[in-house]
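First the proteins, then the strands, lettered A, B, ... as listed; each starts at 1. As a basis for the values below, the full set of heavy atoms in this structure was taken, side chains included, without hydrogen atoms, waters or symmetry mates.
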Number of protein chains: 2
Amino acid sequence: MESSEKAPVARTPDGVAAKLEQLILDGVLKPGQLLPSERRLCDKLGVSRASLREGLRLLRGKGIIETQQGRGSFVARLLPKYDDSPLMHLFRDHPRTLYDLLEVRALLEGESARLAALRGTSADRVMLKRRYDEMVAYAEGAAPISAERLARFDHAFHLAICEASHNPVLVHTLQGLTDLLLTSVFASLKNLYHRSGPRAQINDQHARLFRAVMEQEPERARQAALDHLHSVDESLREIEAEDERLVRSAMRLDGWE
Amino acid sequence: MESSEKAPVARTPDGVAAKLEQLILDGVLKPGQLLPSERRLCDKLGVSRASLREGLRLLRGKGIIETQQGRGSFVARLLPKYDDSPLMHLFRDHPRTLYDLLEVRALLEGESARLAALRGTSADRVMLKRRYDEMVAYAEGAAPISAERLARFDHAFHLAICEASHNPVLVHTLQGLTDLLLTSVFASLKNLYHRSGPRAQINDQHARLFRAVMEQEPERARQAALDHLHSVDESLREIEAEDERLVRSAMRLDGWE
DNA sequence: GACCAATTACTGGTCAGACCAGTGACCCAA
DNA sequence: TTGGGTCACTGGTCTGACCAGTAATTGGTC
């Protein structure tokens, strides 16, 4: 009865990275401080320089240290953001992927809405109405809006539609993509919820989508879902462009021009 | 006019990591696929093994690849796998799942074909032609046909189309669904390949799909893919109905009615 | 012919040593 | 004082070697 999972053996470079991380966390190595040279660290840790460098490369990838040729490695001043999902890294280094994700989601959400309008039972519609009312109640409530909670209601609404499609494979696939989106680019989405323009548009599109499904109009439902996702896509692109402008003007302030 | 900021010079290992990431996003390296051995990669990329290993270590840190001593490095599955999900265990052997799966696949394959016709480069078309020719050569060969091998060629053909869509999320999603198809409901598909009627139809539809993509006709490609998947769906339903009739008459023979 | 064990040719993991390329302190001459 | 050169560091990269797992092949036994 052995575990079929692999027990990841502790490789030397991983050990090196863990050891140094521990030293930083313990405060032995302070932010901004110069680390001992690679040769000295090899000596101290009893590993070859190749292994040590793989360990350092790992820390550098996580943003924990920074290295300059001819000078040495420093403990980074800013604590790195916590990135976990593999796709998160790909999104960061290859931003286009985010829009690829939205493209696929639009496809699935569209079909999901169509099928929900086509196949949804009255029980499905009761559940959907409940989710929709909850979401609207929160969005229009007097209390200040928390992006996290609104996102949860939003997600629940879309999930209810998907479930009304009565296709478990569709539900599972879409759920996987949505989780990915929420965990990886939540920061950008937050932006969306905090702007009144896009938010009003989203509310309107949700309403149209809701009505189309409730009135069992497959094509209208599909189109409403597509419009919704496409406008999210556009808004995100605008936000991105705006961020870029901000960065550029910050660069001007720093005397780059 | 020099930068006071650090100008991050392109280090070799970072370049290696970026290059491999790009290959994965472009679909050249597919999820679950074994990478070439380190020595071979060194050769191909023109870097030393030490640098290459630092690059690989970076990707491993991000969870993009997984490595096993004595075996090699694999591209990690970026989207959650289906087999672990408790939901999917319920689906297994549940006949309706097959049709749900085909429904979602039709959607994705359709869009994938459309995008392939729209965005595919001439290099994509060269690869696609190669896959298509291989498949046809096997299907029309004199030797008795093995369903497993034909399915593999079939899969490779569809995958080539998907890759030409240049949407990595689409590639990974569709790949996940295909894995599910091959591992859990393959038995049903086998039937299809062994009947000459459906097989001729499949060949014809493959040809139409192939031509539409090669001639860069997005809508025709999409429609061809949809027709293809729908006719597979229909054929399977017919086979199922036939089986049922057989079972029922067997039951009659056994005196059940 | 079927099966099991040893061989072998791979795979990644690690090491030692070499050399190149930046950095900065130091020293000496103009 | 200042300029330039030297030199002793730093990280960056490459080479070749060997260890340690894995898996297919082989060859023998039953």
Side-chain angles (χ1 to χ4, degrees), chain A residues 2-21 23-24 29-77, chain B residues 2-20 23-24 29-30 32-76 148:
Chain A
E2 260 311 305
S3 144
S4 62
E5 270 304 297
K6 289 286 162 200
V9 195
R11 301 285 170 213
T12 310
D14 296 308
V16 168
K19 176 80 180 166
L20 290 176
E21 239 172 312
L23 286 177
I24 292 172
L29 298 172
K30 285 172 276 292
Q33 184 179 342
L34 195 59
L35 264 64
S37 80
E38 295 187 352
R39 272 103 173 162
R40 214 177 300 278
L41 277 176
C42 293
D43 245 29
K44 212 167 292 193
L45 298 177
V47 303
S48 76
R49 204 168 148 225
S51 295
L52 180 96
R53 281 181 57 78
E54 284 191 34
L56 290 179
R57 176 77 52 183
L58 217 43
L59 294 180
R60 237 181 95 191
K62 293 204 229 173
I64 294 175
I65 66 172
E66 284 167 9
T67 304
Q68 288 176 44
Q69 184 176 13
R71 312 247 340 242
S73 293
F74 304 83
V75 180
R77 285 214 155 70
Chain B
E2 256 319 303
S3 128
S4 61
E5 272 296 296
K6 49 190 178 263
V9 197
R11 300 287 171 214
T12 310
D14 296 308
V16 168
K19 176 81 179 164
L20 290 176
L23 287 177
I24 291 173
L29 299 173
K30 293 167 270 296
Q33 183 180 344
L34 195 60
L35 265 63
S37 79
E38 294 187 353
R39 274 109 174 155
R40 214 178 301 277
L41 276 176
C42 293
D43 227 36
K44 212 166 290 192
L45 299 176
V47 303
S48 75
R49 204 167 148 225
S51 296
L52 180 96
R53 281 182 56 80
E54 286 189 34
L56 290 180
R57 175 77 52 184
L58 216 45
L59 293 181
R60 239 180 92 191
K62 297 195 209 174
I64 294 173
I65 65 171
E66 285 166 8
T67 304
Q68 287 177 43
Q69 186 176 20
R71 309 248 342 245
S73 293
F74 304 82
V75 179
E148 278 83 359

**Contacts of B:Glu66 that satisfy salt bridge (Lys or Arg N to Asp or Glu O under 4.0 Å) - sequence neighbours left out** =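 Salt bridge (Lys or Arg N to Asp or Glu O under 4.0 Å) list for B:Glu66, sorted by chain: empty.
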Nearest whole angstrom, please: distance from the [atom2] of [N] to the [atom1] of [X].
X       : N      : atom1 : atom2 : value
A:Arg11 : C:dG13 : CZ    : C1'   : 6 Å
A:Glu38 : C:dC15 : CD    : P     : 14 Å
B:Leu41 : C:dT11 : CG    : C1'   : 12 Å
B:Gln69 : C:dT14 : CD    : P     : 8 Å
A:Leu35 : D:dC9  : CG    : C1'   : 16 Å
A:Glu66 : D:dT10 : CD    : C1'   : 17 Å
B:Arg57 : C:dG12 : CZ    : P     : 13 Å
A:Arg39 : D:dG11 : CZ    : C1'   : 7 Å

**Message:** Minimum heavy-atom separation for A:Gly55 and A:Ala17, please, with both atom names.
**Reply:**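 Looks like O-CB, 3.9 Å.
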**Message:** Looking at every non-hydrogen atom in both residues, tell me the closest pair between A:Thr12 and A:Ser51 and how far apart they are.
**Reply:**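 So the minimum-distance heavy-atom pair works out to CG2-CB, 4.0 Å.
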Please determine if a side-chain N or O atom of [X] lies less than 4.0 Å away from the OP1 or OP2 oxygen of [N].
X       : N      : result
A:Arg40 : D:dC9  : no
A:Thr67 : D:dG11 : no
B:Thr12 : D:dG12 : no

**Message:** Taking atom NZ as the centre, does B:Lys30 end up with more than 12 heavy-atom neighbours from other residues, nucleotides or ligands that are less than 6.0 angstrom away?
**Reply:**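 Yes, enclosed.
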**Request:** Flag the pair A:Leu59 / A:Leu20 as yes when at least one side-chain heavy-atom distance between them is below 4.5 Å, and no otherwise.
**Result:**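 In short, these two side chains touch, coming nearer than 4.5 Å.
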**Request:** State, yes or no, whether a side-chain contact exists between B:Asp14 and A:Arg60 at a heavy-atom distance under 4.5 Å.
**Result:**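 They are in side-chain contact.
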**Prompt:** Got a sec? Which of residues 43-56 of chain B come in under 4.0 Å of DNA chain C, heavy atoms?
**Reply:**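 Contacts with DNA chain C under 4.0 Å: B:Arg49, B:Arg53.
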**Asked** If you take atom types as modelled and just measure distance, does the side chain of B:Arg71 reach the base of D:dG21 with a donor-acceptor pair under 3.5 Å?
**Response**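 Counting by modelled atom types and ignoring angles, no donor-acceptor contact under 3.5 Å is found here.
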**Prompt:** Is the closest basic N to carboxylate O distance between A:Lys62 and A:Glu21 below 4.0 Å?
**Reply:**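 The answer is yes: the pair qualifies as a salt bridge.
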